[in-house]
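Structure record follows, encoded as structure tokens.
Every chain is numbered from 1, with letters handed out A, B, ... down the list of sequences.
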Amino acid sequence: MCAEFQKPRGTQDVLPPVSQKMEQIRHIALDCAQRFGYLLVETPVFEQTPVFLRVGESTDIVQHERYSFTDNGGVDLTLRPEGTAAIARAYVENGMYNQPQPVRMCYYGPMFRRERPSAMRYRQHTQFGAELYGSVQPEADAEVILLACAVVEQIGLADPVIRLNSIGCSECRPAYREALILYYQQRHDQLCQDCQKRMNTNPLRLLDCKIDVAIRERAPDIAAFWCEDCATHYRDLTQLLTSCGRQVSREPFLVRGLDYYNRTVFEINHPSMGSQVALFGGGRYDGLATTLDGPKSTPAVGFGMGIERILSAMEENFDLPLMSRIYVAHLPGFEAPSLVLAEELRRKGFAAESDLMNRSLKAQLRDAGRQSGVVVIVGGREWEQGEVGVKWLENGVQMTVKREELSDLLRQPEEKG
RNA sequence: GUGGAUGUAGCUCAGUUGGUUAGAGCACCAGGUUGUGGCCCUGGGGGUCGGGGGUUCAAGUCCCCUCAUUCACCCCA
């Protein structure tokens with residue numbers, strides 16, 4: 001095919017049966033969220049660009065991964081790279097801080113980042129996420145994490161291990177930041193090029209480096225710098241999660257790339273996935289809504305979950321429940337009656353389809369065999385007497401019934417044969 | 001943005017040191033059964049060999065460019 005007709009780089013066509021699986025995941029996620037009290041909020045897939053600039057000036061998402069464009073009215077717009085900023089905007093714009101707090105919301109939809117595609121990384125991907133506004137309590141962090149774990153578990157992954165850390169608050173982080181810079185400055189010559197750059201842009205990210213791991217080992221741990229409140233918050237959260245039977249692993253080097261986080265950050269990996277690929281990740285971002293013109297104090301926690309990654313993680317141990325479909329076949333000349341009968345069955349709630357290819361009966365049965373279900377045969381002597389044939393392909397059992405009795409017979413297929 | 005690997009039918013892949021009209025399996029369609037699937041047999045459709053340029057009497061094969069896929073980085077879900 002001509003190159004200009006190919007799908008854009010890093011995007012995918014989702015075909016059956018994968019598309020059905022995706023629907024299943026969406027259903028599970030939204031259902032879980034609802035049981036936790038998190039209701040769906042839909043925001044536009046594009047926003048005015050400044051909304052996303054709040055994600056952090058130094059992050060790659062904002063710096064060079066944006067899908068931005070100017071519309072005909074001269075407005076600067078950006079395809080959303082993540083959900084949190086958009087939800088924060090919606091929370092503020094709709095005055096949701098006047099609702100009884102906390103406000104529990106979730107979202108589900110496509111995200112766009114112009115990065116180079118690789119394993120489990122796409123330019124358009126789907127994220128499910130949840131956001132909790134209004135509570136500073138560690139219980140809030142816990143609930144959000146428990147929801148994420150519940151979804152992951154529903155999908156068939158046993159015993160998720162939560163990788164957890166706290167990156168402190170405006171009280172205690174500056175001191176840690178200084179200590180970290182000092183430590184790395186003393187070893188400046190041994191650092192990789194990226195890290196030398198990171199010293200100035202985002203020192204916390206030094207801990208993310210996969211090259212300078214040896215240097216990192218002896219780097220100062222933020223836990224030693226936590227203020228009283230941050231320390232209690234972290235301790236309480238850990239306790240809450242373990243009380244709920246969740247496994248927590250403290251990750252001193254987990255910092256995450258978005259600037260808006262404070263205190264809690266977390267993520268979860270899956271063994272089937274390559275190195276640094278998280279199924280979901282999130283944290284607390286008490287300052288974000290304020291920067292979008294929200295009230296002075298608007299605490300919030302949330303996570304985002306990569307649906308394509310979830311899909312690939314569950315691939316082996318998750319089967320789609322097959323809906324049994326009815327194939328209405330016809331003898332030559334009975335195309336129209338078979339279409340009518342199929343429609344009749346559909347109106348009674350069955351999944352039914354008829355042949356549209358003017359095939360021979362033999363070919364229709366072959367076709368029906370591909371989806372292994374029930375075949376209703378229309379035409380011939382039986383039709384003259386107001387009857388149709390019914391055949392179960394599984395075991396080859398066949399019988400003839402009055403048209404009026406057909407739907408009753410089909411409702412209990414397991415008793416036949 | 002950096003580095004590596006790979007592009008031949010819908011899918012998985014053969015294709016010799018460059019040499020006639022590019023093959024197989026699976027899948028698809030039809031027939032073998034004037035009204036019955038799966039197995040088997042026979043036949044059929046389907047390819048600008050990712051695209052463009054170059055070398056050559058001759059390119060799927062060699063060279064260059066480009067596009068795409070993929071893996072590792074960067075970063076993130």
What nucleic acid atoms does [X] come within less than 4.0 Å of, heavy atoms only: base, sugar-phosphate, or nothing?
| X | value |
| --- | --- |
| A/Y122 | base |
| A/G396 | base |
| A/E382 | base |
| A/R121 | base |
| A/G380 | base |
| A/I377 | base |
| A/G10 | sugar-phosphate |
| A/Q364 | nothing |

Nucleotide nearest [X] when distance is taken to its side chain, options [options]:
| X | options | value |
| --- | --- | --- |
| A/K391 | B/G35, B/G37, B/A77 | B/G37 |
| A/L361 | B/U36, B/G1, B/A77 | B/U36 |
| A/S118 | B/A77, B/U36, B/C71 | B/C71 |
| A/R359 | B/G3, B/A30, B/A77 | B/A30 |
| A/K362 | B/U69, B/G37, B/G35 | B/G37 |
| A/R116 | B/U2, B/A77, B/U36 | B/U2 |

Look only at the side chain of A/D286 and the backbone of A/A300, and say whether a donor-acceptor pair between them is shorter than 3.5 Å.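 Side chain of A/D286 to backbone of A/A300, a donor-acceptor pair under 3.5 Å: yes, one is there.
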
Flag, side chain of A/Q101 to backbone of A/M96, donor-acceptor distance under 3.5 Å: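 Checking the backbone N and O of A/M96 against the side chain of A/Q101, a donor-acceptor pair under 3.5 Å is found.
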
Without decimals, in angstroms, what is the distance between A/R9 CZ and B/C67 P?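 Going from CZ in A/R9 over to P in B/C67 covers 9 Å.
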
Taking CD from A/E82 and P from B/A77, how many angstroms apart are they, rounded to a whole number?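 Result: 7 Å.
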
Among A/I162, A/T238, A/N165, whose side chain to side chain contact (heavy atoms under 4.5 Å, CB included) with A/R250 holds?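 Passing option: A/N165.
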
Using Watson-Crick or G-U wobble geometry with both distances under 3.5 Å, which nucleotide pairs with [N]?
| N | result |
| --- | --- |
| B/A14 | none |
| B/C29 | B/G43 |
| B/A5 | B/U69 |

In terms of the angle between their ring planes, are A/F303 and A/F280 parallel, tilted or perpendicular, with boundaries placed at 30° and 60°?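 Plane angle between 30° and 60°, so tilted.
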
Angle between ring planes, A/W226 versus A/Y234, binned at 30° and 60°: parallel, tilted or perpendicular?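 Geometry flag for A/Y234 against A/W226: tilted rings.
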
When the [atom1] atoms of [N] and [M] are considered, how many whole Å apart are they?
| N | M | atom1 | result |
| --- | --- | --- | --- |
| B/G44 | B/A24 | P | 11 Å |
| B/G7 | B/C64 | P | 16 Å |
| B/G1 | B/A58 | C1' | 42 Å |
| B/G51 | B/A9 | P | 10 Å |
| B/C11 | B/U69 | P | 15 Å |

Determine: side-chain N/O of A/R370 to OP1/OP2 of B/G38, distance under 4.0 Å, yes or no.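 Indeed not, no polar side-chain atom of A/R370 lies that close.
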
A/D13 bridged to A/K7 by N-O distance under 4.0 Å: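 Answer for the salt bridge query: no.
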
